[in-house]
Amino acid sequence: MKESYFPQEIEKKWQRVWEETKAFKTLDESDKPKYYALSMFPYPSGKLHMGHVRNYTITDVIARFKKANGFNVLHPIGWDSFGLPAENAAMKHNADPETWTDENIAYMTKQLKMLGLSYDWDREVTTCKPDYYKWTQWLFLQLYKKGLVYKKEAAVNWCDECGTVLANEQVIDGKCWRCDSVVEKKYLSQWFIKITDYADVLLEDLDKLTGWGDNVKTMQANWIGKSKGAIFKFPVVDAPNGEEMYVPVYTTRPDTVFGITYLVVAPEYKDIEKLTTSENKEAVEEYRANARKMTEIERLSTDRVKTGVPLGTHCRNPFNGEVFPLWTADYALVEYGTGAVMAVPTHDERDFDFAKKYNMPMKVVIENPENPSDCKDSAYTEPGVLVNSGEFNGMKNNEAKKAITKWAVDKGFGEFKTQYRLRDWLISRQRYWGAPIPVVYCDKCGIQPVPEDQLPVMLPKDVDFSVAGKSPITTSKTFKDTVCPICGGHATRETDTMDTFMCSSWYYLRYADARNSEKCFDRDTVNHWLPVDQYVGGIEHAILHLLYSRFFTKALRDCGLLDFDEPFKNLLTQGMVLKDGAKMSKSKGNTVDPDEIFENYGADTARLFILSDSPPARDFDWSDAGVEGCYKFLNRVWRLISTNADNITLDYKLNFPLAKENDDLIRTVHIAIKGITNDISNDFQFNTVISKYRELTNAIYDWQSKKSDLNEEDKNVLSFAIVSLMKLMSPVAVHLTEEAWSELGGIGSIHEQPWCEWDENLAKSSSITLVVQVNGKVKDKIEVDAGLNQDEMKQTALDSPKIKSQIEGKMVVKTIVVPGKLVNIVVK
RNA sequence: GCUCCAGUGGCGGAAUCGGUAGACGCGUUGGACUUAAAAUCCAAUUGGGCGUAUAACCCAGUGCCAGUUCAAGUCUGGCCUGGAGCACCA
């Protein structure tokens, strides 16, 4: 065995062996229990960054640990390969996005292999390939059949200069990223997924996800945004065309209805024109036109000043008969509730601000009896008792909510209403590099889904990527014209493609049955492998990706395609990789290239370091000195093994009793096995796992420094210690341990070896440090035999000269003994 | 504004149940080996009393203020600071 550690040499060698022997292939059939470990698949942007390295290393160690512990592990990888960057690169070079994507995948695959990850490459999925997006389209059709897909007019970011729709990321400070002109809202007919049908169950089932962090669950709960309130209809008293009209509003504060002094509708409110008098028409139109342009800019400004204009018409308050004016203001949102709000300036801060600015009347209707507020300087939003509220006076406001709504329900102008902030999912993208939406428009039959046997609807190749102002897909001469599946007449294809989140909402299902060409996936196979036991990825996907995937799972269950309702049992959201306290980014110039680390130190050092300094969920600050330190440690381990190669036997035997120092080393190993196993099992605390690798290594060196010659017993004990260390390190230092195993004459791969076991009796030291406190403060520490009983512990403590001097002349009130740990003497 | 998370040496961080605060590492300092360097090894490293050495001892200390307890980094209440997410959601 070579005395020095040459990572580059051994890593290349074993990577080749693993690839040739398909060492990490997973078979569906096994008598072992299944375990599904999954990293969020990457977008093939060009090169791996350190965030990838961290993500995949964490999952890889989990997968290897579970495999060693007797599980049949599924650990796949793939590519989230549709999306904007490929299309932009293509437009820039007038090339094919597919070529760009393929090249990136090839490069990144090479890097993943260099990291020594235990993927089953036979299950690789690539979302931009027809054998995958065929099934994305097929799933779209299943949702369509289920009534979960619909088309409606929706606002998009529109750049008039470029004549195109922009993605949200392309709108910078309300302006077009390319030409810098102001982006407007424009209404286009778009495809939506009815995720709101699942709002309630998506919220409720968060409680089932005990393996998810509260931070992610709260973010999802906030996003879904459930609130309980009421809808009231307010009759319009002076509609300009004489029509009988109502304005419905949604409110969570029915208790404040007697304080309404005006009513606001959103600038986009559908009946706004009918509610505007001819005198006010011009001002209202101007305000609405402005709102259309301002929306994006306004959204980004932090201190928005509220503005609005009166419509000139009025409503009557059916609770008290008062008549109040109608306004439009952009603080009312057309997408939420009914698009109209009742304004109670005294008890709502936003209404208060608005009322102050436009001198609206105010009327206090909720009061704290102990400390009444006149609401002259701010709105009173705390609980209280109703005043100026007719028959409801004196009622507590929380009770009044129900009572007042009930009253309105009985009179026929109100209803109880649960409202969600979650909106339906807009999946139309006016771009090329995505899965085409499998729908055609027939001149006679209207919208028709593409029959399943005609899938996939292939992306056309005859496309001009140099065009500006429209989706490149529309330049194809072969794509658009087709025949109607119903009547056989002329039809045109939908040229929108799907949001890439559609592709990534089901990829974890495809891994279970990745090469199935007959079906999206086999139901039994998916039921066997899913749910994912451990999902690992960045917090940036806490809301959209995870919510869409949860929705997909529930919807596909309702389509009868699978039999579980949550896709990811446990979720680990890893922290960011920082350098010098800031997020690594090209613009800051503080990135670290994984290739350089592999080249200079090897993948094992990279793996060890990325796990070492912080727990996985926390941010990780990259330091060059830290890498260096890990490299030195691996050298130290290698030296320990290589210089002892002749002393190590893999079939060591331990005959008890042992010499004292040998017994101590055996105990140290058992303690390490127990600690490391528990640390991994308990939230994957790899940072402490690695500190325990170091402790064990230090202990073996210490032991050895006290030995001049090794007798047979020593050699067996040393073998046990070193082989255990190798096995414990094998999920992290995958190449080093494999090489050492092979050099020491191990049969097969160390990665096929079962995990180390510990003996509870040996996993504790033979002596303990007895801590003696007086009045809760540590006054002495005494090395004692671990077997001492409580009385003996107490006596030992009282016999200590230090303690004697401390308690001299005082009265012992109480003595507390914590077995195996401490004695606390309470004196007065 | 609302919600969530976090706050421990010079730094990253450790501390199953409330029971030795600072494991392990980085850095720093001193030393050994070496012609020298690298590598390696040894030692010290929370602050203060404390100063020339040695040995010991004492006090304070986990963002701040209270509380519960024999005992609090850990539990409770109230704040402060930083980060993240949502953000005119009626």
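Throughout, a chain's letter reflects where its sequence line sits, starting with A, and its residues are numbered from 1. Atom set for the values below is all heavy atoms of this structure, side chains included, hydrogens, waters and symmetry mates excluded.
Every ring-ring contact (aromatic ring centres under 6.0 Å, His included) that A/Y358 has, sequence neighbours left out, goes to A/W327, A/F354. Applying the side-chain contact (heavy atoms from CB on, under 4.5 Å) test to A/Q8 and every residue at least two apart in sequence or in another chain returns nothing. Under the side-chain contact (heavy atoms from CB on, under 4.5 Å) criterion, A/E9 pairs with A/K2, A/F6, not counting sequence neighbours. For the salt bridge (charged side-chain N to carboxylate O under 4.0 Å, His left out) test, no residue two or more places apart in sequence or in another chain qualifies with A/D702. Every residue two or more places apart in sequence or in another chain that forms a salt bridge (charged side-chain N to carboxylate O under 4.0 Å, His left out) with A/K802 is listed here: A/D780.
Among pairs with a residue in residues 251-267 of chain A, those fulfilling salt bridge (charged side-chain N to carboxylate O under 4.0 Å, His left out) read A/R253-A/D255, at least two apart in sequence or across chains. Sequence neighbours left out, the pairs with a member in residues 605-618 of chain A that pass side-chain hydrogen bond (donor to acceptor under 3.5 Å, both in side chains) are A/D60-A/R607.
Residue A/Q704 places no side-chain N or O under 4.0 Å from the OP1 or OP2 atom of B/C41. At the phosphate of B/A90, OP1 or OP2 sits under 4.0 Å from a side-chain N or O atom of A/S227.
Between A/F501 and A/H541, the two ring planes are perpendicular [angle over 60°; tilted spans 30° to 60°].
With salt bridges taken as basic N to acidic carboxylate O contacts below 4.0 Å, one links A/E322 and A/K363. Using a 4.0 Å cut-off between charged nitrogen and carboxylate oxygen, A/E760 and A/K674 count as a salt-bridge pair.
Rounded to an integer number of Å, the gap from A/Y631 OH to B/U40 P is 10 Å. The NZ-P distance, from A/K401 to B/A90, rounds to 10 Å in whole Å. Between A/D255 atom CG and B/A90 atom P the separation is 13 Å, expressed in whole Å.
No engagement by A/S705 is indicated, since no non-hydrogen atom pair under 4.0 Å with the nucleic acid exists. Here A/A542 lies out of heavy-atom contact (under 4.0 Å) with every strand. Residue contacts for A/Q220: at a heavy-atom cut-off of 4.0 Å it reaches no nucleic acid atom on any strand shown.
Between the side chain of A/R639 and the main chain of A/E3, no donor-acceptor pair closer than 3.5 Å is present.
Atom NZ of A/K402 has 12 or fewer heavy atoms from other residues, nucleotides or ligands within 6.0 Å.
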Under 3.5 Å, which donor-acceptor pairs do the side chains of residues 627-635 of chain A form with other protein atoms, sequence neighbours left out?
unit_1, atom_1, unit_2, atom_2, d
A/E628, OE1, A/Y601, OH, 2.8
A/N635, ND2, A/Y631, O, 2.9

task = Summarise how protein sits on nucleotides 18-27 of chain B as a single string, 5' to 3': B when a protein heavy atom is under 4.0 Å from the base, S for sugar-phosphate-only contact, - for no contact.
result = -BBS-BSSS-
Protein-nucleic acid N or O pairs under 3.5 Å, nucleotides 55-62 of chain B:
unit_1, atom_1, unit_2, atom_2, d
B/C57, OP1, A/K802, NZ, 3.3
B/A60, OP2, A/K777, NZ, 3.4

Any protein N or O atoms within reach of nucleotides 79-85 of chain B? Criterion: under 3.5 Å, listing atom names and distances.
none

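Stem list for RNA chain B (at least 3 consecutive Watson-Crick or G-U pairs, distances under 3.5 Å): B:1-7 with B:80-86, B:10-12 with B:24-26, B:27-32 with B:40-45, B:46-49 with B:57-60, B:63-67 with B:75-79.
Side-chain N/O atoms of A/K306 and base N/O atoms of B/C88 include a donor-acceptor pair closer than 3.5 Å.
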